[in-house]
Participant: 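Before anything else, here's the structure in question.
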Amino acid sequence: MDAGSVLDSVLAEAPTAIGGAATLEELDRVESDLLGKSSPLGDVRRSMGSLDPADRPLVGEKLNEVTRSGQALLFARRIELEIDDEARR
């Protein structure tokens, strides 16, 4: 699978994966699975040097977009889960 397809896939799957986390611990696992060093995004980051120089800016831009989107979704879900935790106490 090429880098663009990987990034599109992560972007499409992230909202469901993040929204499905029911606890902060699950959210941490989802974050690692989506954005961590061993994640598909980590694989794309590591492959940047082997890409055609003309493709690097485009892939890098898309990688940043997907990363920012995932981080924003994670942040919002983390707040929801923290509020839920506080309400249960």
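As the structure is a computational prediction, the values presented were derived from the model and not from experiment.
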Participant: Strictly by side chain to side chain donor-acceptor pair (under 3.5 Å), give each pair with a member in residues 1-18 just once, sequence neighbours left out.
Facilitator: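 Matches after skipping sequence neighbours: Asp2-Ser5, Asp8-Lys62, Ser9-Glu13.
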
Participant: Roughly how far apart are Thr67 OG1 and Leu7 CG, rounded to 0.5 Å?
Facilitator: 8.0 Å

Participant: For Ala3 and Val59, work out which heavy atoms get closest and say how close.
Facilitator: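 Where Ala3 meets Val59 most closely, the heavy atoms are CB-CG1, 3.9 Å.
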
Participant: Can you list, by chain and residue number, the hydrophobic cluster partners of Phe75 when the side-chain cut-off is 4.5 Å?
Facilitator: Ile79, Ile83

Participant: Just distance, no hydrogens or angles: give the donor-acceptor pairs under 3.5 Å from side chains in residues 50-58, sequence neighbours left out.
Facilitator:
unit_1, atom_1, unit_2, atom_2, d
Ser50, OG, Ser47, O, 2.8
Asp52, OD1, Ala54, N, 2.8
Arg56, NE, Met48, O, 3.2
Arg56, NE, Leu51, O, 3.2
Arg56, NH2, Gly49, O, 2.8
Arg56, NH2, Leu51, O, 3.1

Participant: So which pairs with a foot in residues 28-41 pass side chain to side chain donor-acceptor pair (under 3.5 Å), sequence neighbours left out?
Facilitator: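 Output for this query lists Asp28-Arg78, Glu31-Arg78.
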
Participant: Answer whether the closest heavy-atom distance between the side chains of Leu74 and Leu35 falls below 4.5 Å.
Facilitator: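 The answer is yes, as the side chains (C-beta and beyond) meet within the 4.5 Å cut-off.
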
Participant: Once side chain to side chain contact (heavy atoms under 4.5 Å, CB included) is applied, do any residues pair with Arg88, and if so which ones, sequence neighbours excluded?
Facilitator: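 Arg88 satisfies side chain to side chain contact (heavy atoms under 4.5 Å, CB included) with Asp84, Asp85 once adjacent residues are dropped.
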
Participant: Under 4.5 Å between any side-chain heavy atoms of Thr23 and Leu81, yes or no?
Facilitator: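 Not in contact.
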
Participant: Do Leu73 and Leu34 make a side-chain contact, defined as non-hydrogen atoms from C-beta onward lying under 4.5 Å apart?
Facilitator: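 Side chain of Leu73 against side chain of Leu34, heavy atoms only: no contact under 4.5 Å found.
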
Participant: Keeping to residues at least two apart or across chains, list the side chain to side chain donor-acceptor pair (under 3.5 Å) pairs with something in residues 68-77.
Facilitator: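 Qualifying pairs, neighbours excluded: Arg77-Glu80.
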
Participant: State, yes or no, whether a side-chain contact exists between Asp43 and Met1 at a heavy-atom distance under 4.5 Å.
Facilitator: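 No, every pair of side-chain atoms sits at 4.5 Å or beyond.
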
